[in-house]
Amino acid sequence: NAGVTQTPKFRILKIGQSMTLQCTQDMNHNYMYWYRQDPGMGLKLIYYSVGAGITDKGEVPNGYNVSRSTTEDFPLRLELAAPSQTSVYFCASFPTGGWGQETQYFGPGTRLLVL
Amino acid sequence: DAKTTQPNSMESNEEEPVHLPCNHSTISGTDYIHWYRQLPSQGPEYVIHGLTSNVNNRMASLAIAEDRKSSTLILHRATLRDAAVYYCILRPSNSGNTPLVFGKGTRLSVIA
């Protein structure tokens with residue numbers, strides 16, 4: 001049981017380039033989330049998904065896109081990278097039905113530098 | 001969601017107990033109290049949670065005030081590896097798919 005895995009661990013992008021951050025979980029969780037964390041700051045929600053085929057915007061969705069074709073995978077797409085997207089990106093998942101007692105599981109993060 | 005208040009930072013000597021406080025004066029009866037921590041360069045990880053009674057697990061203990069308006073995360077013997085940002089988060093029982101909302105937390109430094 002690997003939990004939540006993310007690739008790549010680190011990436012440098014040039015302004016205007018695009019990339020996809022991969023996230024996979026093997027716990028059969030329906031709920032998945034993408035956060036970003038800027039240096040010294042808290043986590044901000046980018047997008048989330050409550051199940052395959054269903055996604056919704058979080059607090060800071062501009063410049064990003066997501067898809068959820070399977071329960072396991074929740075990739076985050078950056079189009080036209082900008083320096084403001086330099087951050088650490090965390091993927092997370094939640095089981096359903098915990099009624100407030102659910103544990104949220106996080107991946108190890110992807111560090112992105114846009115130059 | 002009910003708000004939590006934590007000190008910005010705390011310091012502890014290695015192998016001594018650490019008591020990390022959290023105030024949540026507007027907590028509702030169905031809010032669970034969760035604690036997560038974020039080690040340097042890692043994603044947040046679950047530590048412990050509780051509703052009314054004190055809780056113990058292999059990582060820590062959670063002491064909840066009788067009126068539930070505050071709680072304390074207790075690390076019985078701090079190690080250098082416990083240096084992290086600790087987050088106190090309230091989660092209602094009807095949260096559904098609502099993600100956790102992380103505040104600024106308490107940055108714990110452990111001195112050898």
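By convention in this document, chain letters (A, B, ...) are assigned in the order of the sequence lines, proteins followed by strands, and residues within each chain are numbered from 1. This is a predicted model, so every value here is computed, not measured.
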(message) So that I can tick it off, tell me whether B:Arg91 and A:Glu102 are bridged by a salt bridge, with the cut-off set at under 4.0 angstrom between side-chain N and carboxylate O.
(response) yes
(message) I need the residue from B:Gln42, B:Gln38, B:Arg107, B:Glu45 with the largest number of non-hydrogen atom pairs under 4.5 Å to chain A.
(response) B:Gln38
(message) At a heavy-atom distance under 4.5 Å, which candidate from A:Tyr105, A:Tyr48, A:Phe94 has the highest pair count against chain B?
(response) A:Phe94
(message) Check this for me: does any side-chain nitrogen of one of A:Glu59 and A:Lys44 sit under 4.0 Å from a carboxylate oxygen of the other?
(response) no
(message) I'd like to know if the side chain of A:Ser87 reaches the main chain of A:Arg36, judged simply by a donor and an acceptor atom lying under 3.5 Å from each other, with no hydrogens or angles considered.
(response) no
(request) With a 4.5 angstrom heavy-atom cut-off, could you sort out which part of A:Thr96 is near chain B: side chain, backbone, both or neither? (result) neither
(request) Tell me, for B:Thr30 versus chain A, whether the close heavy atoms (under 4.5 Å) come from the side chain, the backbone, both or neither. (result) neither
(request) Kindly say whether the aromatic ring centers of B:Tyr36 and B:Tyr46 come within a distance under 6.0 Å. (result) yes
(request) Let me know if A:Gln37 has heavy atoms under 4.5 Å from chain B in its side chain, its backbone, both or neither. (result) side chain
(message) Is it the case that the side chain of A:Gln17 and the backbone of A:Leu78 share a donor-acceptor pair, with hydrogens and angles ignored and the cut-off at 3.5 Å?
(response) no
(request) Could you look at A:Tyr35 and say if it's the side chain, the backbone, both or neither that has a heavy atom under 4.5 Å from chain B? (result) side chain
